[in-house]
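What follows is a structure written as C-alpha cells; I'll ask about it next.
Both backbone and side-chain heavy atoms feed into the values below; hydrogens, waters and symmetry mates do not. Letters A, B, ... are given to chains in the order of the sequence lines, protein chains preceding strands, and every chain is numbered from 1. Since we're looking at a predicted model, the values are computed, not measured.
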Amino acid sequence: MNLLKLATKNIKHNFRHYLVYLISISFSVAIFNLFISVFMDEKVQKLISENQNYESVFQVSAIVVALFSVIFVWYSNSFFIKSRQKEIGLYSLLGVRQGKIGRMMFYETIVLGFIAIITGSITGITFSKFFSMLLLKILNLDTNIDFVFSIKPLLITIVVFLGIFIIASLHGYSLIYRYKLIDLFTAGRKSEKVKRPNIIVALSSVIMIGYSYYLALSSSSEEFIKNSLVVMVLLIVGTILLFSSFFVYLVYQLQKNKNFYYKNLNVFSISQIVYRIKGNALTLAIVAISITMAIFTSTFTYLSYQNTLAMTYLRSPFSFVYRSTSEEIDGKVSEIIKEDKKHKLINSFEVNALGGMMNLQDQDRYVHIIDETTANNIMEHHNKEKIRIKDSKSIYYLEFLKNPSGNQYVDKSINLLVGDKGIENLKIEGFYDNFRMINEGGALWNYVVVSNEAYNSLYTNEEGLLKEYRVFEVTNAINTKELTEKISNIVSEESNFDSFYLKYIEQFQSNGMMLFIGGFLAVLFLTAMGSILYFKQLMDANNDHQTYITLKKLGVSKTIIKKSLLKQMAFIFIAPLMVALVHSFSLLKVMKELVEVEGVSANGYTAGVILTFVLLYLIYYLMTVQSFYKVVSQKR
Amino acid sequence: MTVLEVKGVGKVYGSKGKTTTTALNNISFTMEKGEFLGIMGPSGSGKTTLLNVLSTIDRPTSGEININGKNIVKLKDKDMSDFRGENLGFIFQDYNLLDSLTLKDNILLPLTLSNHHKVEEMENRLDKISRNLGILEILEKYPYEVSGGQKQRAAAARAIITNPKLILADEPTGALDSKSAKVLLESITKLNKEDNATILMVTHDPFSASYCDRVLFIKDGDLYTEIRTTGERKDLYNKILNVLSVIGGVGNEFA
C-alpha cells in the first residue's frame, strides 16, 4: 500500500479524531477568506481606493489576520501531531521507517489542508456578503450588495494557505525525527512534582498589578502616555505571575483546610487544578491579556466612532475654509454660497494670518499670528470669552493639542519673527489649549493673538508669509456634499480648501473601518484563544484517561466526576475572563480620561462586548467539559 | 457469615445474530467472612471476566451475585457506584494510584468520597493501616517517587481504608519483583488474619496463590476444582502446581 493511500485511509477511519483539527484549520481559512472578501468587495474597494490611509490600514490588518492564521494552524498542527504520538510510536515499533512516517504525516496534513481550503473558502464566501453589509452599514453607505462571486479573494486565500499548510506539513515531518520512541509511548505520562510557589513571588504579582493600576489611574493623560509602557509591562508580567504563582498558592492554601480538602472529590479536583494552572499558566495569562486588550480596543474604536462629530467640530470648526488666491475666485465662491437654497450663510470672515516664528523658552515654534480684532470676531462666533490684550507688548498663545501643563507659559516672555521683521520681549498674557481658530487645510497651527498695533508692525504681504483665509459658516454643515463639490471645483489647488463635510466623512469612514477591523480582530483572537484552551484540555484528557478509569473503579459516580471537571475547567475558562474584567475596569477609567468625550458613553457597547466574550467562553467552557468527559469515559 | 455468594453466573459476549463467545458458563461458589480466596486458571479461562462482574464493572448475562446479602446484578448504574465505594475495595495489577496525589491523599480518597467521616477519624485509620503495611514514612511522597512494591502497598491501604466487605485483588503481584511480591503478600495475609478482612485474589502465580486459604480453578468458563490449605504453604503450593499441570497454565518451575 502506498503512503498516500495509507494517509487517506487514516483520515477516513479516524474521521472523528480529525474533525476537531479540520474544523479549526477550516475556521482560520474561512476567517482569512472572509476578511479578504469583505475588503475586496466592489463598493468597499471603491472606498479604499479613494484614500491611501485605508489601503494601508487594510493591508496591515490583512497581514495580522494572515499571521494569526499561521500561528493558529501551527498550533493546531502541533497539537494534532502530539495527540497522535502513540499511533506514530506504533508505526515505529512495527518497523516503519521514520522517513516514511514523516512522509505519511506530510501527505495527511496536505490532504487535510486541501479539505480545509475548500470548506473554509465556501464558508468564508458565504458569510462575506453579510460582513460586507455590516461594514457598509457602519460606514453609513448603501448596503445593497449583489451577490457576485469574485475569484480574486479565493485565489489569494488558496495561495496563502497552500503556503501555510506546506510549512506546517514540513514542521510535522520534522517533528517525527525529533521524537524518540520511548517518548512517543510515554507521551504526556511524565509527572513532575509541582513546586509550591514562593509566597513572595505570589504576592509580588498582586503588587505589580496593583501598582500598574495605580500608575494608570493616578496619572494625567499626558503622564499616562509616558507611563504606558511601564503600565503594560507591569500588567503583563504581573498577570503571568498571577497565574503561575498566586493562584497556585491560593489553591494550596485550600489544602490546609482539611475539612474542605478531604471532602467530596476535592482532594483530586484541587490537585488537578494546580496541575492545570501550572501547565497552562502562560496560555491563561495570554488569554487574560488578550481579552483585556480586546475590551479596551473595541471600546476605544467605538468611542472614536461615536465621537466623530464632536472631534470634527474641534478640528474643523467652520463649514468651509480656503486660502484666497484671487478676488475673482472669492467672488465666485461667495456667489455660490449665497445662491445655495439648502444651506443659509450664518457667518463669514476674512482671516489674515502671518506665518511666523515664536521663540519661547529657547525653542522656535512656527505659529500663525493674528490681530486682536479678527481673533475676537471668531471668539464671538464660537461663543467664547473675548481675548483681552492689555497693551502692544502682551499676547495670547493658543495651542491646538491638549496641554494640561500649558499654564506654565503664562507670563513668559517671547520674541516674534515674521520674515525679516521682529518684535522682542512680548509677554504671554493667557493660554488656551485644545483650541482651533479656523479649519486647517493642511498642517495644524498654533496661534498667537497680538494687539492690532503689533500686528501692523509685523505685517507683510510677502507671498507665503501672509495667508488670507476665507471662512464660511452655513446651516446644516454636515450635509454640504454638493456645495463642497461646487466650491472645490472653483478654488485653486494651492488654496488648501477644507470643508467640515469632507473632514467629517473622512473621519467617520476611517473610524468606522477601525471599529469594524477592531471588532473583527477582537472576536477572532478570542475565538482562537478559546480554541487553543479547548485543544490543550483535550490533550490533557487523553493523558488523564487512565486516571478517570481508576476513579470509576473506585466507585466515583459519573455525577461526581462531571462536577469535578466543571470545577477544573472553570478555572481554565473563567479565571482569565475574571482577571481580564478587573484589568479592563481600571484601564477603561483611564481611557475616559484620555478620550474625554462629553455626552458620548461607551458603557452599553462595552457591556455588550463583555457579554459577548462571557457567552463565548461559557460555550467553550461547557463544550470542553463535555468533550473532556467523553474522552475520559470512553472505553478503550 | 457469608460475604459473597455467586449463583450460576454466566457471561456471554456478542449480540444476537452474531457469533457469541462464552466467557463464563455457570459458576457458583461462596465466601465466608475473613476468608482469603484465590482464583486461578490459564489465560482465557474467564478469571478477569469473573472479577469484572464481581466488581460491578461488568454485568453477567445470567445468574446472581450476592454481596452481604444484596444482589448486585439488579443494581442500577447510579447505585452501583455508591455500592462499589461502600462495600468493595480494589487492588489492581498496575496499582492505579493517581499521579497527582501524594500516597496519603491517594489512600484517603475513597473515604473523602463517602462524605461522612471526620478528618480526625480519617487520619487515625490512615495511621494504623499505613503502619501495618510499613508505608508510614513515605506517605507524603508521590507515586512516581516510590518503588512498585511500595505503590502496591499504598494501593492495598487504599483498598481497605473504607473497611470494605470484600477486597478484590487483580494480579496484585503481577508487576512486582519476587521480593516486593513477598512483602506485599505477607501484608495482605496480615490484613486477612489480624483485621479479619475478606479477600478475593485473582492470580496466575502459584507462589502468590499459596498464601490463600482456598484456591478455585477455572477452566474454559467453568469451575474446575478447588483446593484448601492445610496450614502448610509449601504443601498448598505443590497441590496448586499439580492442578495447573493438568489444566495447563503456568508450568512447574520447581520440577
Side-chain angles (χ1 to χ4, degrees), chain A residues 186-196 248 251-252 254-279 540-541 543-564 567-568 632-633 635-636, chain B residues 51-52 55-58 75-102 104-123 125-126 140-145 155 158-159 161-162 164 168 170:
Chain A
T186 55
R189 276 239 218 103
K190 277 176 235 154
S191 17
E192 45 201 286
K193 194 168 184 171
V194 179
K195 264 210 221 145
R196 266 164 206 259
V248 181
V251 177
Y252 268 126
L254 279 180
Q255 282 189 343
K256 286 198 180 149
N257 181 351
K258 287 191 178 171
N259 283 324
F260 171 80
Y261 186 57
Y262 290 113
K263 207 174 167 191
N264 296 324
L265 205 52
N266 287 348
V267 173
F268 172 72
S269 303
I270 286 177
S271 77
Q272 289 298 99
I273 288 173
V274 169
Y275 232 66
R276 290 257 129 73
I277 304 178
K278 270 275 177 183
D540 281 358
N543 297 332
D544 285 354
H545 184 254
Q546 191 53 45
T547 304
Y548 286 88
I549 296 293
T550 305
L551 286 180
K552 240 170 126 184
K553 282 183 184 167
L554 290 177
V556 182
S557 69
K558 284 179 195 171
T559 355
I560 294 180
I561 288 181
K562 268 198 174 167
K563 263 190 200 159
S564 169
K567 276 186 211 164
Q568 293 173 38
V632 295
S633 62
K635 281 178 186 157
R636 283 198 186 161
Chain B
L51 196 74
N52 281 346
S55 57
T56 70
I57 289 170
D58 206 350
L75 280 178
K76 284 182 191 141
D77 269 342
K78 203 174 138 264
D79 301 325
M80 265 201 190
S81 294
D82 291 340
F83 181 84
R84 214 180 295 158
E86 280 164 28
N87 296 285
L88 301 177
F90 295 94
I91 306 172
F92 309 97
Q93 177 172 1
D94 45 3
Y95 330 122
N96 278 331
L97 295 173
L98 302 180
D99 273 339
S100 55
L101 300 181
T102 57
K104 175 184 171 183
D105 289 347
N106 258 301
I107 296 169
L108 286 176
L109 191 65
L111 276 188
T112 70
L113 289 171
S114 61
N115 272 343
H116 35 65
H117 298 278
K118 288 214 176 88
V119 174
E120 204 177 310
E121 186 200 337
M122 289 186 191
E123 286 180 335
R125 278 202 211 180
L126 175 75
E140 293 301 331
K141 288 197 186 291
Y142 285 88
Y144 48 86
E145 295 174 309
R158 179 181 64 186
I161 197 148
T162 52
L168 299 167
D170 184 10

query: Considering only heavy atoms, which portion of Leu551(A) lies under 4.5 Å from any heavy atom of chain B: side chain, backbone, both, or neither?
result: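 Contact with chain B involves the side chain of Leu551(A) alone.
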message: Could you measure the distance from the OH atom of Tyr142(B) to the OG atom of Ser271(A)? Nearest 0.5 Å is fine.
response: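 It is 7.5 Å, given to the nearest 0.5 Å.
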query: Within the side chain of Arg84(B), is there an N or O that forms a donor-acceptor pair under 3.5 Å with the backbone of Lys552(A)?
result: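 Checked: pair present.
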- prompt: Is chain A contacted by the side chain of Phe83(B), its backbone, both, or neither, given a heavy-atom distance below 4.5 Å?
  reply: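 Nothing of Phe83(B), per the 4.5 Å heavy-atom cut-off to chain A.
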message: For the NZ atom on Lys263(A), are there more than 12 heavy atoms of other groups (residues, nucleotides or ligands in this structure) within a distance under 6.0 Å?
response: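 Check fails, neighbour count at 12 or below.
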field: Ion pair Glu123(B)/Lys258(A), N-O distance below 4.0 Å
entry: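 Result for this pair is yes, salt bridge flagged.
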- request: Just give me the residue among Thr550(A), Thr547(A), Asn266(A) that pairs up with chain B most often, heavy atom to heavy atom, under 4.5 Å.
  value: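 Heavy-atom pair counts peak at Thr550(A).
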query: So, for Lys104(B) and Tyr262(A), which heavy atoms are closest and what is the spacing to 0.1 Å?
result: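 Result for this residue pair: CE-OH, 3.2 Å.
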task: Under the side chain to side chain contact (heavy atoms under 4.5 Å, CB included) rule, what do Leu101(B) and Val267(A) come out as? Steps first, then yes or no, please.
output: CA-CA 8 Å; Leu101(B) 300 181; Val267(A) 173; 3.8 Å; yes
Under 3.5 Å side-chain donor-acceptor pair for Asp94(B) and Gln546(A):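 The answer is no; no qualifying pair exists.
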field: Atom pair CG (Asp544(A)) and OG (Ser100(B)), whose distance is rounded to the nearest 0.5 Å
entry: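 Output value for this atom pair is 8.0 Å.
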message: How close do Phe268(A) and Leu98(B) get, counting heavy atoms only, and between which atoms?
response: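 Closest heavy-atom pair between Phe268(A) and Leu98(B): CD1-CD1, 3.5 Å.
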